[in-house]
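In the text below, chain A, chain B and the rest are named by the order of the sequence lines, each starting its count at 1.
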Number of protein chains: 2
Amino acid sequence: MDEILTARAEILKAIAQPTRLKIIELLRDGERCVCEIFPAIAEEQSNTSRHLNIMQNNGILARRKEGTKILYSVKHPEALEIADLASAILKKEISGKSNLLQAV
Amino acid sequence: MDEILTARAEILKAIAQPTRLKIIELLRDGERCVCEIFPAIAEEQSNTSRHLNIMQNNGILARRKEGTKILYSVKHPEALEIADLASAILKKEISGKSNLLQAV
DNA sequence: CTTCTGTATGAGCATATAGTCATATAGTTA
DNA sequence: TAACTATATGACTATATGCTCATACAGAAG
């Protein structure tokens, strides 16, 4: 069905952006508050907040309150697997191209 | 590094779009020419061609000439795994929400 | 009550994206 | 050579995206 394709695409889109990937990589080590995340990734607080929101809305991140802080974490291990598979494809592609280079 | 994050994001973006996901699902069964793909997914030939190009440029699809036709196929099994993981996350999210509904 | 800290959001801007229609190109076939 | 088939591309439009600056808001601390 078409709605399912759109929903699946939305989930992937929520990961498929450099700043968001960076956040996901940071959150591999466990949950972090916004105040830790935005300095770690060197982005504005407002921009970071928006990206966190996008990922939370699409089921990539979980959000939890602790005292005055909001803690975000990766919700499903599948999100990390997707991030890893992107690396795997990239590696294959680069090694394919370097083979080409060697053949020149 | 920042360039690697961008490259990984580009790969994921090449998958994270409904029309392109539809094409990927179609190509699970093996390679197809453009002339088979665009009627199967009910998109214009020109639009289909552009999406195929995007995916080929980002290492998602392989392109091969056979006679007068161009055959496209999924280049790395990882691309299919990514598509599957998006479904897995979607399922979890939906079942999470339906649990909520039941609890009301 | 005021101030401070942590987080979210409105408004605006520049660029990217997906789609359409028309046309270009390359290789067949008549 | 002319017409046809398969694919790609230019030009355009509408919408989405990512970012910034400024501001809002909620809770804690003074």
Side-chain angles (χ1 to χ4, degrees), chain A residues 2-27 30-58 60-73 75, chain B residues 2-27 30-58 60-73 75:
Chain A
D2 223 47
E3 301 206 4
I4 292 180
L5 282 172
T6 303
R8 290 168 69 199
E10 285 305 307
I11 288 170
L12 292 175
K13 269 205 296 183
I15 305 178
Q17 204 275 342
T19 304
R20 294 199 286 271
L21 263 182
K22 204 168 181 177
I23 292 172
I24 289 171
E25 293 303 333
L26 179 69
L27 295 180
E31 58 182 4
R32 296 268 186 284
C33 64
V34 185
C35 57
E36 289 173 304
I37 297 172
F38 82 83
I41 65 171
E43 286 291 333
E44 293 234 337
Q45 180 270 323
S46 64
N47 193 30
T48 303
S49 175
R50 280 184 220 282
H51 283 300
L52 290 168
N53 236 294
I54 289 170
M55 289 193 278
Q56 200 252 334
N57 286 333
N58 286 284
I60 306 302
L61 300 186
R63 172 195 258 146
R64 184 171 83 81
K65 236 185 171 167
E66 182 161 301
T68 166
K69 300 182 181 179
I70 309 280
L71 299 175
Y72 285 92
S73 57
K75 189 168 178 188
Chain B
D2 223 46
E3 302 206 2
I4 291 181
L5 282 172
T6 304
R8 290 168 70 197
E10 285 304 307
I11 287 170
L12 292 175
K13 270 205 295 183
I15 305 178
Q17 205 276 341
T19 304
R20 294 200 285 270
L21 263 183
K22 205 168 182 178
I23 292 172
I24 289 172
E25 292 304 332
L26 179 68
L27 295 181
E31 57 181 5
R32 295 268 186 285
C33 65
V34 185
C35 58
E36 290 172 303
I37 297 171
F38 82 82
I41 65 172
E43 286 292 334
E44 293 233 338
Q45 179 270 321
S46 62
N47 194 29
T48 305
S49 175
R50 281 186 219 280
H51 283 300
L52 291 168
N53 236 294
I54 289 169
M55 290 194 278
Q56 200 252 331
N57 285 333
N58 287 285
I60 305 302
L61 300 186
R63 170 195 258 145
R64 183 170 83 81
K65 234 185 172 169
E66 182 160 300
T68 165
K69 301 182 179 177
I70 309 279
L71 299 176
Y72 285 91
S73 57
K75 189 168 178 187

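Between the CD atom of Glu43(B) and the C1' atom of dT20(C) there is a distance of 11 Å, given to the nearest Å. We find that CD of Glu10(A) is positioned 10 Å from P of dA16(D), with the value rounded to whole Å. Atom C1' of nucleotide dT17(C) and atom CG of Leu12(A) are separated by 17 Å, given to the nearest angstrom. For Glu66(B) and dA6(D), the CD to P distance is 14 Å, given to the nearest whole Å. Taking atom CG of residue Asn57(A) and atom P of nucleotide dT9(C), one finds them 9 Å apart after rounding to whole Å. Between Asn53(A) atom CG and dG18(D) atom P there is a gap of 13 Å when expressed in whole angstrom units. Rounded to whole Å, atom C1' of dG18(D) lies 16 Å from atom CG of Leu5(B). Whole-Å rounding puts the Met55(A) CE to dG18(D) P distance at 11 Å.
Using a 4.0 Å heavy-atom criterion, one finds that Gln45(A) contacts the bases of the nucleic acid, with or without backbone contacts as well.
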Practice item. Assess whether side-chain contact (heavy atoms from CB on, under 4.5 Å) is satisfied between Leu61(A) and Lys75(A), documenting all intermediate values. Key: CA-CA 5 Å; Leu61(A) 300 186; Lys75(A) 189 168 178 188; 5.7 Å; no
Check your understanding: How far apart are the C-alpha atoms of Lys22(B) and His51(B), what are their side-chain angles, what is the distance that settles it, and do they pass the side-chain contact (heavy atoms from CB on, under 4.5 Å) test?
Key -> CA-CA 11 Å; Lys22(B) 205 168 182 178; His51(B) 283 300; over 6 Å; no
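For Tyr72(A), the side-chain atoms get nearest to dA8(C) when compared with the rest of dA8(D), dG19(C), dA8(C). Here dC19(D) is the nucleotide among dT9(D), dT7(D), dC19(D) with the atom lying nearest to any side-chain atom of Arg50(A). Among dA8(C), dA8(D), dT20(C), the nucleotide with an atom closest to any side-chain atom of Glu44(B) is dT20(C). When the nucleotides dA8(C), dT7(C), dC19(D) are ranked by their closest atom to the side chain of Thr19(A), dC19(D) comes out on top. Considering only the side chain of Ser49(B), dT9(D) comes nearest among dC19(D), dT7(C), dT9(D). Of all nucleotides listed (dA8(D), dA6(D), dA8(C)), dA6(D) comes nearest to the side chain of Cys35(B). Side-chain proximity of Ile70(B) to dT20(D), dA22(C), dT7(D): nearest is dT7(D).
Each of Gln17(A) and Glu36(B) was assigned the nucleotide of DNA chain D with the nearest heavy atom; the assignment lying further toward the 5' end belongs to Glu36(B). Residue whose closest nucleotide on DNA chain C sits further toward the 5' end, between Ser46(B) and Ile54(B): Ile54(B).
Regarding contacts with the backbone of dT7(C), every side-chain N or O of Lys65(A) stays at 4.0 angstrom or more from both OP1 and OP2. When the side-chain nitrogen and oxygen atoms of His51(B) are compared with OP1 and OP2 of dG19(C), one or more of them lie within a distance under 4.0 Å. Within the structure, every side-chain polar atom (N or O) of Asn47(A) is placed at least 4.0 Å from both OP1 and OP2 of dG18(D).
A salt bridge does not link Lys69(A) with Glu66(A): none of the charged nitrogens is closer than 4.0 Å to a carboxylate oxygen.
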